[in-house]
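Accompanying notes for the structure given below.
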Amino acid sequence: MEEKFGVAVESDEVGEESVLLYHEELDEELISIDVKPILPNPVSFQTYIYNEESEWIIGIATEVETNSPLFLVCLKDGKRIYEEVLLREKDNEK
């Protein structure tokens with residue numbers, strides 16, 4: 001966060017949650033319609049929340065069985081400000 005957005009975060013001030021979601025449960029504020037097709041169904045979604053001057057939510061979609069990161073999204077005060085495809089599901093196949 002500090003390198004990308006200039007926000008220094010203390011790890012003890014971060015809340016986290018991990019949930020298993022099916023495509024129909026994915027919030028379009030977090031996962032854009034272009035990204036949804038590349039994610040497995042279901043997908044594990046880990047969220048990290050930090051509140052200081054702004055509310056920051058970082059979401060990481062991971063493959064359920066391997067926990068391989070697939071997609072990262074960052075919201076600031078409820079608005080998506082950054083997203084990145086980390087690994088497409090087909091890239092994870094051997």
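Treat the numbers as computed from the prediction; the structure is a model and nothing was measured. Because only heavy atoms are used, hydrogens play no part in the values below, and waters and symmetry mates are left out as well, while side chains stay in. Positions are given from 1 along the sequence.
Of all the heavy atoms in Leu21 and Asn41, the pair that sits closest is O-OD1, 4.4 Å.
Leu75 CG to Ile81 CD1: the interatomic distance, rounded to the nearest 0.5 Å, is 8.0 Å. From Leu86, atom CG reaches atom CD1 of Ile60 across 7.5 Å, with rounding to the nearest 0.5 Å. Interatomic distance, Ile33 CD1 to Leu26 CG, rounded to the nearest 0.5 Å: 11.5 Å. In this structure, Leu70 CG and Ile31 CD1 are separated by 9.5 Å, a value rounded to the nearest 0.5 Å.
Membership of the apolar cluster around Val64 extends to Leu20, as traced through chained side-chain contacts below 4.5 Å between ILVMFWY residues.
No side-chain heavy atom of Val73 sits under 4.5 Å from any side-chain heavy atom of Ile58.
Under the ring-ring contact (aromatic ring centres under 6.0 Å, His included) criterion, Tyr82 pairs with no residue, sequence neighbours left out. Not counting sequence neighbours, Tyr50 has no partner by the side-chain hydrogen bond (donor to acceptor under 3.5 Å, both in side chains) test.
Residue pairs meeting the ring-ring contact (aromatic ring centres under 6.0 Å, His included) criterion with at least one member in residues 16-47, sequence neighbours excluded, do not occur. Under the salt bridge (charged side-chain N to carboxylate O under 4.0 Å, His left out) criterion, the residue pairs touching residues 67-85 are Arg80-Glu83, with sequence neighbours excluded.
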Extract all donor-acceptor atom pairs below 3.5 Å that involve side chains of residues 2-16 and protein atoms in other chains or at least two apart in sequence.
none

- Message: Set out, in order, the CA-CA distance, both residues' side-chain angles and the distance that settles side chain to side chain contact (heavy atoms under 4.5 Å, CB included) for Trp56 and Ile49, then state yes or no.
- Response: CA-CA 6 Å; Trp56 293 85; Ile49 301 170; over 6 Å; no
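No more than 12 heavy atoms of other residues, nucleotides or ligands lie within 6.0 Å of CD in Glu65, so this atom counts as exposed by the packing criterion.
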